[in-house]
Structures are given as C-alpha cells and as structure tokens.
Amino acid sequence: DAKTTQPPSMDCAEGRAANLPCNHSTISGNEYVYWYRQIHSQGPQYIIHGLKNNETNEMASLIITEDRKSSTLILPHATLRDTAVYYCIVKGSGNTGKLIFGQGTTLQVKP
Amino acid sequence: DTAVSQTPKYLVTQMGNDKSIKCEQNLGHDTMYWYKQDSKKFLKIMFSYNNKELIINETVPNRFSPKSPDKAHLNLHINSLELGDSAVYFCASSQDLAGGSDTQYFGPGTRLTVL
C-alpha cells in the first residue's frame with residue numbers, strides 16, 4: 001500500500017552528508033511527506049516532515065521538489081549512529097492518522 | 001521520563017496462551033496506536049484509539065483486543081496465541097488524529113515469541 005519508492009540500501013562515509021531520495025509521484029495536494037527512521041531493534045523515530053517548503057531541524061533537512069513528486073532527506077554530517085532504516089511516508093488528513101510504512105532505505109554509515 | 005513506554009519488553013509464551021502488552025504515554029496525546037512488525041521487518045498498523053474510542057481496526061483477528069482505560073493507556077490483549085503472532089509490537093501516540101501534520105511517537109517495542 002506504500003505510496004512511496006525508496007532505494008533499498010545506501011552507504012555513506014562518516015562525516016559526509018547522506019542524501020536519501022524518495023519518490024511519491026501520486027502525492028495529493030493535502031498530503032505531507034514524513035520521514036522516520038528505525039535503528040536496529042528500536043521503535044521508529046520521527047525525523048522531519050513537510051508539505052511544500054523545504055524544512056530543517058536539528059536532525060536533518062527535507063528538500064521537496066516543486067512538483068512535490070519527490071523529496072530528499074539530508075543528514076548533513078552522518079555518524080555511525082545514523083545507521084538505520086529510513087522510511088519516507090506520505091500521509092494526509094483523510095487516512096485516519098495511520099502511517100503506511102514501506103520497505104524503507106537501509107543506510108549504512110561507514111567509518 | 002520516557003514518552004511512550006511498553007511492558008514487557010520481551011514476552012515468551014506457549015501457543016494457546018492469553019497474554020497482554022501494556023502501553024502508556026505521558027505526552028498528553030489524544031490518540032494511540034498499535035503496530036506490528038513481523039519477521040520480514042514490515043511495520044503495519046493494527047489499531048488506533050482516539051480519546052478511548054476505537055478508530056482503526058485493520059482486519060486484525062478478533063483474538064486481538066485493544067483496551068483503552070484512559071487516553072494515556074492502550075493495552076493489547078491477545079487470546080489463544082498462535083505461532084504467527086510472533087513479532088515485535090510497537091505502541092505509538094500522537095496529538096492530532098485527523099490532521100495531515102501529525103507526528104507519532106513510538107515506544108521501544110515488545111518482542112513476542114510464541115513457542
């Protein structure tokens with residue numbers, strides 16, 4: 001049911017920026033793009049979300065294309081602790097609040 | 001001061017038994033959820049409650065019965081446990097059920113193993 005497409009895995013060197021892409025070509029006008037991550041054996045952790053504009057917080061930046069059909073999550077200085085599965089989720093007001101998780105991208109940060 | 005907590009963290013039991021998992025959130029949120037993560041790591045919504053009222057029931061067998069005594073607690077009771085119930089169960093909470101801009105906070109998970 002996932003409405004997003006992500007690469008199954010990516011590598012990143014420690015200290016470098018990690019850029020995780022997500023395609024959501026069927027996104028509707030009132031749907032948000034959410035990013036969560038799951039570090040091994042832990043509960044999913046919220047990272048960031050956005051509607052149209054680019055967003056930045058203490059964890060990451062979210063770049064959404066003008067047509068909103070794709071987005072990129074940027075971890076500016078990846079550390080080993082950022083190794084996790086990253087989920088891009090499209091969520092609107094009409095789906096009763098549930099998050100639909102896809103397979104996500106497994107990010108491996110290497111020393 | 002854990003935001004969303006679950007007990008127990010691990011649960012090992014025999015087929016046919018009945019067990020419960022408890023969840024509590026201290027965030028003052030109105031909505032709570034149960035998700036199941038199976039051995040293939042897929043995370044799927046099971047239930048959600050808003051102010052103690054069931055909102056989502058995602059075709060979960062009726063052996064699973066959520067109970068919300070108050071809006072800070074959502075417990076999951078499972079009857080007649082089966083091998084296929086083995087999974088990690090995550091509780092989550094959020095402030096706004098219907099809004100598109102809504103962040104869910106997850107608990108640490110309960111790993112259920114049915115022998």
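Side chains included, hydrogens not; waters and symmetry mates left out as well; all remaining heavy atoms used. Each chain gets a letter, A, B and so on, in the order the sequences are listed, and its residues count up from 1.
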Undergrad: Kindly work out whether a path of hydrophobic side-chain contacts (I/L/V/M/F/W/Y, heavy atoms less than 4.5 Å apart) joins Leu115(B) to Tyr89(B).
TA: no
Undergrad: Show your working on side-chain contact (heavy atoms from CB on, under 4.5 Å) between Phe90(B) and Gln38(A) and close with a plain yes or no.
TA: CA-CA 12 Å; Phe90(B) 290 100; Gln38(A) 187 174 25; 3.4 Å; yes
Undergrad: Do Trp34(B) and Leu54(B) sit in the same hydrophobic cluster, where Ile, Leu, Val, Met, Phe, Trp and Tyr count as joined when their side-chain heavy atoms come under 4.5 Å apart?
TA: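 Trp34(B) and Leu54(B): one cluster.
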Undergrad: Applying side-chain contact (heavy atoms from CB on, under 4.5 Å) to Gln104(B) and Tyr34(A), what does each step give before you reach the verdict?
TA: CA-CA 10 Å; Gln104(B) 293 184 21; Tyr34(A) 275 79; over 6 Å; no
Undergrad: Residues two or more places apart in sequence or in another chain: which of them pass salt bridge (charged side-chain N to carboxylate O under 4.0 Å, His left out) with Lys71(B)?
TA: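 For Lys71(B) the salt bridge (charged side-chain N to carboxylate O under 4.0 Å, His left out) partners, ignoring immediate neighbours, are Asp30(B).
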Undergrad: Measuring from Ile100(A):CD1 to Leu43(B):CG, what's the distance to the nearest 0.5 Å?
TA: 12.5 Å
Undergrad: If hydrophobic clusters are built by linking Ile, Leu, Val, Met, Phe, Trp and Tyr wherever their side-chain heavy atoms come under 4.5 Å apart, do Ile21(B) and Val12(B) end up in the same one?
TA: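 Unlinked, Ile21(B) and Val12(B) end up in two clusters.
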Undergrad: For atom CZ of Arg16(A), decide whether the heavy atoms of other residues, nucleotides or ligands shown that lie under 6.0 angstrom number more than 12.
TA: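 Check fails, neighbour count at 12 or below.
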Undergrad: Less than 4.5 Å to any heavy atom of chain A: does that hold for the side chain of Lys44(B), its backbone, both, or neither?
TA: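 Contact with chain A involves no heavy atom of Lys44(B) at all.
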Undergrad: State plainly whether one hydrophobic cluster holds both Ile48(A) and Ile74(A), where clusters connect Ile, Leu, Val, Met, Phe, Trp and Tyr through side-chain heavy atoms under 4.5 angstrom apart.
TA: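 No, Ile48(A) does not connect to Ile74(A) through the hydrophobic network.
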Undergrad: Between Gln37(B) and Phe101(A), is any pair of side-chain heavy atoms under 4.5 Å apart?
TA: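 No, their side chains stay 4.5 Å or more apart.
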Undergrad: Taking 4.5 Å as the heavy-atom cut-off, does anything in residues 22-29 of chain A contact chain B, and if so which residues?
TA: none
Undergrad: Could you tabulate the donor-acceptor pairs under 3.5 Å formed by side-chain atoms of residues 57-65 of chain A, not counting sequence neighbours?
TA:
residue	atom	partner	partner atom	Å
Asn57(A)	OD1	Met59(A)	N	2.9
Asn57(A)	OD1	Ala60(A)	N	2.9
Asn57(A)	ND2	Ile47(A)	O	2.7
Ser61(A)	OG	Thr56(A)	OG1	3.1
Thr65(A)	OG1	Asp67(A)	OD1	2.8
Thr65(A)	OG1	Arg68(A)	N	3.4
Thr65(A)	OG1	Lys69(A)	N	3.4
Thr65(A)	OG1	Ser70(A)	N	3.3
Thr65(A)	OG1	Ser70(A)	O	3.1

Undergrad: For chain A, find its close neighbours in residues 73-83 of chain B: heavy-atom separation under 4.5 Å, sorted by number, or none.
TA: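 Near chain A, by residue number: none.
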Undergrad: Would you say Leu80(A) ends up clustered with Ile39(A) if hydrophobic residues are merged whenever their side chains have heavy atoms under 4.5 Å apart, either directly or through other cluster members?
TA: no
Undergrad: Checking Gln45(A) against chain B: side chain, backbone, both or neither under 4.5 Å from a heavy atom?
TA: neither
Undergrad: Would you mind reporting whether Tyr33(B) and Leu99(A) have side-chain heavy atoms less than 4.5 Å apart?
TA: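 No; the side chains remain at least 4.5 Å from each other.
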Undergrad: Apply side-chain contact (heavy atoms from CB on, under 4.5 Å) to the pair Thr103(B) and Tyr36(A), showing each step before the final yes or no.
TA: CA-CA 10 Å; Thr103(B) 299; Tyr36(A) 282 76; 4.2 Å; yes
